Amino acid sequence: MAKKSWSSLSSGSGGGLRRYLNQQYYLKRPQRSALLIVAFVFLTWWLVCDRPTLAGEQQADVSRLNEELPSLRNQLEDLRSDQTGSGVSIRIVNKTTKINEKNIAQDDPLNIQRRQKVRESMLHAWASYEKYAWGQDELQPQTKNGTDSFGGLGATLVDSLDTLFIMGLDEQFQRAREWVANSLDFNKDYEASVFETTIRVLGGLLSAYDLSGDKVFLEKARDIADRLLPAWNTPSGIPYTLINLAYGNAHNPHWTGGNSILADSGSEQLEFIALSQRTRDPKYQEKVEDVIKGLHKTFPSDGLLPIYINPHTGTKSYSSITFGALGDSFYEYLLKAWIQGNKTEPVKHYREMWETSMKGLQSLVRRTKPSSFAYICEKTENSLSDKMDELACFAPGMLALGFFGYGGIEAEKYLSLAEELAWTCYNFYQSTATKLAGENYFFYSGQDMTVGTSWNILRPETVESLFYLWRITGNNTYQEWGWNIFQAFEKNSRVEIGYVGLKDVNTGERDNTMQSFFLAETLKYLYLLFSPPSVIPLDEWVFNTEAHPLRIVTRHAH
């Protein structure tokens, strides 16, 4: 249901009522604003705690009031913003920030059991990291040591903060919090990936702040963002891919021919917009939104962009078009920036660009024979390649998430495509000896699917899509598929110390790396797949591309 605006609430009422609905009335009267907040918190508590005891006719009243709660929450958020500097501190407490134990008690016993299994796997992975690689970027389970593959930024630790919090692992979260407060140092002579550092480190810190309210995470988030900002100092505003965290020198890698990368340039919007909202400093948001404004001016009619962009001119360079590596999250963030702004007019252009891109995506969809598996081709100029990365398996979830912005037949069409693609991605797993997916697949004439690059590095994309499809359709089949994938990880990737990827999904040969995103994304999405929808509800949170939930904050024209 659409949220009511202040104007609609005030229309048809007398002057007295309009006075009480005017924010200025409360700005001048802090005590009354505090009373409003107390009333809101009491109403929320009453609805959550007393619902089971209500009679039938009371349930109708509760439903009506529940529909008005999002509007009241947004109004309080606006009031909190306007109160800055007034000496009155307003903090809205969200009852779903931590798991609602009452809801879980009414949960399906099988889901409870499965969720606890996933939680135990997280404990195994975390304890291994804590013992053998504490403070380092990633654990190497086979050799029982850590490695600083991201310059020593504690990537796994920061990436895992919100997973620990959501799973209720409070002691582990507090130890990680102390390391962030006392040991996390970004002043390093290290060339960091702007994209990876943004989605893992900045995103992880912002999510930990949104969940816990602990300002140490926000302070660290601002520190790393300030070190990344010089990457946007290009003639076109398209950021460079690499930056030295100590000295601010930025450039692109040689292998791109000096070009910037589409996914890297277009996948920092959620984090930098969130940081501007939390710090009330517009510079972060301005940098990343200038990128989208520039791309919007020359956006193609099919909404499909090549993976390389010239940072000096802003023009697209000759390169492939893909929903896999180097292109994927650009399209994801067009949709999610619209959701992050609560789907209001100031973020409407994101949705419009995304819908254009989805028409382009349809032009890349083909189906196999004999089994009619839908897949997304890659494109170079006018030539299509029958290849699909497992990374592109985020697309079914993205389409499902965007389903509600369409209407009628159009909505059903995109949801049906999401379900078809999810079936293909699930069969990426089922088609191998280990029941774990390879990195990419080819679709030859007369054949369904053939593994290309045969490694599996614990990626989350298929599980992510199953999570969204289950939340949106309520179809328990997606939970069953997710459980099968989890069991395959347990059988093939779990070792004495943590988890490892596979060098070959058919032989089961193991590698020596526990990727940080296994804790940040794969296990988190599996846990949420078996949790009630009230845990990180999709109408209050939006996940960045590293599965870090950020609070939705309504964007206004000003």
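The model shown is predicted, which means the values in this text are computed figures rather than measured ones.
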Can you list the steps and then say if Tyr331 with Phe323 is a ring-ring contact (aromatic ring centres under 6.0 Å, His included)?
CA-CA 8 Å; Tyr331 304 101; Phe323 280 80; 4.3 Å; yes
Steps toward ring-ring contact (aromatic ring centres under 6.0 Å, His included) verdict (Tyr499, Phe518):
CA-CA 9 Å; Tyr499 288 80; Phe518 181 67; 4.9 Å; yes
For Val180 and Phe217: C-alpha separation, side-chain torsions, deciding distance, then whether side-chain contact (heavy atoms from CB on, under 4.5 Å) applies.
CA-CA 8 Å; Val180 169; Phe217 299 120; 4.1 Å; yes
Where do Arg200 and Ser516 land on the side-chain hydrogen bond (donor to acceptor under 3.5 Å, both in side chains) test, with the steps shown first?
CA-CA 9 Å; Arg200 299 186 195 221; Ser516 80; 2.7 Å; yes
May I have the step-by-step check of side-chain hydrogen bond (donor to acceptor under 3.5 Å, both in side chains) for Tyr478 and Arg471, ending in yes or no?
CA-CA 9 Å; Tyr478 300 116; Arg471 279 281 183 99; over 6 Å; no
Using side-chain contact (heavy atoms from CB on, under 4.5 Å), reason through Phe299 and Leu305 one step at a time and then give a plain yes or no.
CA-CA 8 Å; Phe299 206 54; Leu305 296 179; 4.0 Å; yes
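Looking at Thr356, its side chain never comes within 3.5 Å of a backbone N or O of Gly303 through a donor-acceptor pair. The main-chain N or O of Gly151 is found under 3.5 Å from a side-chain atom of Asp137 such that the two form a donor-acceptor pair. Under the 3.5 Å distance criterion, the side-chain polar atoms of Asp148 are left unmatched by any main-chain donor or acceptor of Gln136. Within the 3.5 Å criterion, the main-chain N or O of Tyr308 finds no donor-acceptor partner in the side chain of Asn259. Formation of a donor-acceptor pair under 3.5 Å by the Ser385 side chain with backbone atoms of Glu378 is not found in this model. When atom types are taken as modelled, the side chain of Ser207 and the backbone of His548 share no donor-acceptor pair closer than 3.5 angstrom. Panel note: side chain Thr234, backbone Gly237; a donor-acceptor pair is recorded below 3.5 Å.
Looking only at atom types and distance, the side chain of Glu191 has a donor-acceptor partner in the side chain of His251 under 3.5 Å away.
Heavy atoms only, all atoms of each residue included: Thr545 and Ser329 are closest at OG1-CB, 3.7 Å. Taking both residues in full, the closest heavy atoms of Val194 and Glu268 are given as CG1-OE2, 3.8 Å, listed atom of the first, atom of the second, then distance. Scanning both residues, Leu469 and Ala422, for their nearest heavy atoms gives CD1-CB, 3.4 Å.
In this structure, Arg351 is positioned above the aromatic face of Tyr406, its NZ or CZ under 6.0 Å from the six-membered ring centre and within 45° of the axis.
The distance between the ring centers of Phe272 and Trp232 falls below 6.0 angstrom.
Aromatic ring orientation, Tyr525 versus Phe467: tilted (interplanar angle from 30° to 60°).
Rounded to the nearest 0.5 Å, atoms NE2 (His556) and CG (Asn342) are 8.5 Å apart. Taking CH2 of Trp338 as the start and CG of Leu401 as the end, the distance is 8.5 Å to the nearest 0.5 Å.
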